[in-house]
Amino acid sequence: MTNLTARDLMSVDVVTVPPETPVAAIARLLGERGISAVPVLDGAGILRGIVTEADLIRRLAGAEDRPAGWLRQLFVNPIQEAERYARTHGLTAADVMTERLVTVTPGTTAAHVAHLLEELGIRRVLVVEDGRLRGIVSRADLLRALVAPPELAHGLSDERIRTAVLVAMRKQPWADSFGTMVEVQGGTVTFHGFVRNEAVRRALRVLAENVPGVTRVVDDMRTMPAYLSVAA
């Protein structure tokens, strides 16, 4: 998935609604199509927001909101309260939609998309180009790319694979090469020598497994003695 971009992952057959769509119609649309969100586009095709299941649930929960007591009214932000009221009592997509959108461009890497979903705790990002919606990348899209059969790494020699493993190790602060040697034969990577701890042992295996052309990883390392660890 290293070289994939949002363009490769995104779903382009996206169901959209105009701002004036009734909330009830949006709820019915989500249920019938088995989707969890719909982008909102204006008459010119410009992206204005998105209505998600969370937005609709928030509106439903708002029906039981009680008027704030006099003490709470002293501390509330009237602008925020007005915005909340509109979102929880609105009748159209324009009223309840989320306007603070997380967007990416078609060229955004799959790794960065995954980082955004994880860091922000969201389920999808919108792919936008020149203000226009091009598609959506969801967690499901990323998972499909992750489990898709990888391209076969034909023509990679053992020496090229070994070099790639060593380069990957040098990029990681925990993977210093002191006492750890790498051998590659027939696509099998074997680690010899010493390893500082079990966490590094596991991380080295994962690192090697992610190098194209590696078919198997053999751990032939021993835990580094305390006196060598101090010396290093």
Side-chain angles (χ1 to χ4, degrees), residues 1-11 36 52 54 100-127 135-232:
M1 196 168 69
T2 304
N3 298 321
L4 294 179
T5 65
R7 182 182 286 106
D8 303 313
L9 301 171
M10 67 185 185
S11 301
S36 60
T52 68
R100 297 185 184 90
L101 301 174
V102 179
T103 65
V104 298
T105 66
T108 301
T109 65
H112 186 63
V113 172
H115 174 75
L116 287 174
L117 297 185
E118 177 67 18
E119 182 180 44
L120 301 177
I122 55 180
R123 298 178 60 181
R124 68 194 68 77
V125 292
L126 303 177
V127 184
I136 291 180
V137 179
S138 66
R139 288 178 178 267
D141 294 322
L142 283 170
L143 288 175
R144 278 193 291 271
L146 185 62
V147 301
E151 297 181 0
L152 295 179
H154 292 300
L156 290 181
S157 67
D158 288 341
E159 186 55 35
R160 287 186 61 186
I161 293 173
R162 180 177 181 276
T163 299
V165 172
L166 292 174
V167 169
M169 288 174 63
R170 293 190 191 106
K171 293 180 179 179
Q172 303 301 330
W174 46 262
D176 61 85
S177 57
F178 179 80
T180 303
M181 294 161 286
V182 180
E183 176 188 0
V184 181
Q185 186 173 5
T188 297
V189 173
T190 302
F191 288 108
H192 298 285
F194 297 101
V195 64
R196 292 182 179 277
N197 51 56
E198 292 304 309
V200 173
R201 184 190 299 275
R202 177 186 179 192
L204 283 174
R205 173 181 56 79
V206 171
L207 179 146
E209 289 174 344
N210 277 276
V211 172
V214 173
T215 58
R216 181 167 170 254
V217 179
V218 175
D219 178 1
D220 192 32
M221 298 178 290
R222 291 179 293 168
T223 301
M224 184 179 293
Y227 66 89
L228 285 180
S229 180
V230 172

Do R124 and S36 have side-chain N/O donor and acceptor atoms under 3.5 Å apart? yes
More than 12 heavy atoms of other residues, nucleotides or ligands under 6.0 Å from CZ of R123: yes or no? no
Locate the shortest heavy-atom distance separating A175 from L204; write the atom from each residue and the value. CB-CD2, 4.1 Å
Which pair of heavy atoms, one from A110 and one from L142, lies closest together, and at what distance? O-CD2, 4.0 Å
So which heavy atom on G107 is nearest to which on T5, and how close? O-CG2, 3.8 Å
For T103 and V127, indicate whether the former's side chain and the latter's backbone hold a donor-acceptor pair under 3.5 Å. no
If you look at every heavy atom in S138 and L117, which pair is closest and at what distance? C-CD1, 4.3 Å
With no hydrogens and no angle check, is any side-chain donor or acceptor of D219 less than 3.5 Å from a backbone partner on T190? no
Of all the heavy-atom pairs spanning V104 and A6, show the shortest one and how long it is. CG2-CB, 4.1 Å
Within a radius of less than 6.0 Å around CD of Q185, do more than 12 heavy atoms belonging to other residues, nucleotides or ligands occur? no
By side chain to side chain contact (heavy atoms under 4.5 Å, CB included), E159 pairs with (sequence neighbours left out) S157, R162, T163
Determine whether a donor-acceptor pair (N or O, by modelled atom type, separation under 3.5 Å) exists between the side chain of R201 and the backbone of M221. yes
Residues R205 and E209 bridged, charged N to O under 4.0 Å: yes
Straight-line distance of T180 OG1 to M169 CE, nearest 0.5 Å: 5.5 Å
Is F191 close to V182 at the side-chain level, that is, under 4.5 Å between some pair of heavy atoms? yes
OG1 on T108 to NE2 on H115, rounded to 0.5 Å: 12.5 Å
T223 vs E198 side-chain heavy atoms within contact, under 4.5 Å: yes
Note: G187 and I161 closest approach over all heavy atoms is CA-CD1, 4.3 Å
